[in-house]
Amino acid sequence: MRLAILGLGSMGLKHAENARAQGCTVIGFDPDPTALAKLESLGGRGLNSAEAAIQQSESVIVASPPACHLDHIAAALVAGRPTLVEKPLSDRVGNLAALLSEAERRGVMVAVAQNLRFHPAVNAAKTMIAEGAIGQPVAAAAIGVSHLPDWRPGKDYRVNYAADPKSGGAIFDWIHEIDLMAYLFGPFEGVAAAAGRSGALEISAEDTATMALRHHSGVASTVMVSYAGRSAKR
């Protein structure tokens, strides 16, 4: 398979390494020459145009910054390429619904990498809930905590995508926990959220948030996420 990877940050390069290990031909795009050089060191081929990478591929992974996702999804869709998008699917609603409707009309897969849905422990829990093994759920809680300065040793966490409210922030970035509540207990409406900057980190995005969700199934759930914890918890 010829795979185009748009965006060669940490996740894009991980995808490239995994794809190369599976025998795929990897074609990558990133505006940063250093990122292109890293791809080529893994055996991939770097291009300075997203459109060129898409045209030379059979499928696409979008791992670019969230602000680029809509444009890259649209370009891949026009070319008819099945596409896997790193979370979040987009940083704004924009014409996302129209894009997804067009993908469905054309029969082109567009998927978002909510990979925790495939974890065996998560699916064991989903089976137990569906079979009534724990009775009727009425309340649930999800916690996601880490320490942002520890994510990438040697790099300034204050210039990490997570520190920018346009591309990160605790709510936007810890979307896996929100998605897991929907996966386990069904669609929901957001009831309330308390979010802000604790002062523990020097970032402009919120570093901690607690959200209350009301599921259509009757379950009430809470999601607490933070970049400011000293030890990782999920």
Keeping D30 on the side-chain end and A35 on the backbone end, is there a donor-acceptor pair under 3.5 Å? no

Are the side chains of H176 and N115 in contact, using a 4.5 Å heavy-atom criterion? yes

Do L99 and V60 sit in one hydrophobic cluster, given that two such residues count as connected whenever their side-chain heavy atoms are within less than 4.5 Å of each other, even indirectly? yes

Nearest atoms (heavy-atom pairs only) where A205 meets A162: CB-O, 3.9 Å

Please tell me if the side chains of R2 and Q56 come closer than 4.5 Å, counting only heavy atoms from C-beta onward. no

Out of curiosity, T34 OG1 to L39 CG, how far, rounded to the nearest 0.5 Å? 12.5 Å

Looking only at heavy atoms, which two atoms of R92 and A67 are closest? And how far apart? NH1-O, 3.5 Å

State, to 0.1 Å, how close K38 and L13 come at their nearest heavy-atom pair, and which atoms those are. CD-CD1, 3.8 Å

Distance (rounded to the nearest 0.5 Å) between I175 CD1 and L89 CG: 8.5 Å

Can you confirm whether E58 is buried at CD, in the sense that more than 12 heavy atoms of other residues, nucleotides or ligands lie under 6.0 Å from that atom? yes

Starting from V112, can I reach M11 by hopping between I/L/V/M/F/W/Y residues whose side chains sit under 4.5 Å apart? no

Is it the case that one hydrophobic cluster holds both L116 and I143, taking links as side-chain heavy atoms less than 4.5 Å apart, direct or via other members? no

Distance col, row I5:CD1 vs L47:CG, nearest 0.5 angstrom, shows 12.0 Å

Is the backbone of S198 close enough, under 3.5 Å, to the side chain of D207 for a donor and an acceptor to pair up by distance? yes

Close side-chain approach of K87 and D173, heavy atoms under 4.5 Å: yes

Do other residues, nucleotides or ligands put more than 12 heavy atoms under 6.0 Å from N95 CG? yes

Tell me whether R214 at atom CZ has more than 12 heavy atoms from other residues, nucleotides or ligands lying less than 6.0 Å away. no

Can any side-chain N or O of R106 pair as donor or acceptor with the backbone N or O of G80 at less than 3.5 Å? no

Residue pair S64, H69: steps toward the side chain to side chain contact (heavy atoms under 4.5 Å, CB included) verdict: CA-CA 7 Å; S64 50; H69 285 190; 3.6 Å; yes

Considering all heavy atoms of both residues, which atom of F185 and which atom of P137 are nearest to each other, and what is their separation? CE2-CB, 3.9 Å

Smallest heavy-atom separation, S57 atom then L3 atom, equals CB-C, 4.2 Å

Test side chain to side chain contact (heavy atoms under 4.5 Å, CB included) on K155 and N160 and set out the steps. CA-CA 8 Å; K155 293 187 178 181; N160 188 307; over 6 Å; no

Mind checking whether D91 and S167 have side chains closer than 4.5 Å, heavy atoms only? no

I'd like to know whether CD of E17 has more than 12 heavy-atom contacts from other residues, nucleotides or ligands below 6.0 angstrom. no

Examine distances only and state if a side-chain atom of Y227 and a backbone atom of G169 form a donor-acceptor pair shorter than 3.5 Å. yes

Same hydrophobic cluster for M224 and I171, using side-chain heavy-atom links shorter than 4.5 Å among ILVMFWY? no

Is there side-chain contact between R197 and E202, with heavy atoms separated by less than 4.5 Å? no

Partner set under side chain to side chain contact (heavy atoms under 4.5 Å, CB included) for S221, not counting sequence neighbours: A140, M181, L213, H215

For the hydrophobic clusters of this structure (ILVMFWY residues joined by side-chain heavy atoms under 4.5 Å, transitively), does one cluster hold both I61 and I54? no

Verify side chain to side chain contact (heavy atoms under 4.5 Å, CB included) between N123 and R117, making sure each step is shown before the conclusion. CA-CA 7 Å; N123 283 293; R117 288 186 175 214; 5.6 Å; no

Kindly compute the distance separating CD (E51) from NE2 (H72), expressed to the nearest 0.5 Å. 6.5 Å

How far apart are the C-alpha atoms of R234 and E177, what are their side-chain angles, what is the distance that settles it, and do they pass the side chain to side chain contact (heavy atoms under 4.5 Å, CB included) test? CA-CA 8 Å; R234 169 161 266 167; E177 270 57 37; 2.7 Å; yes

Parallel, tilted or perpendicular: which one describes the rings of Y161 and W151, with boundaries at 30° and 60°? tilted

NE2/H15 to CD/E86 distance, rounded to the nearest 0.5 angstrom? 3.5 Å

Separation between OG1 (T83) and CD1 (I73), nearest 0.5 Å, reads 7.5 Å

Exercise: identify the closest heavy-atom pair between V145 and S231: CG1-O, 3.9 Å

Is it true that D164 and K166 make a salt bridge, defined as a side-chain N closer than 4.0 Å to a carboxylate O? no

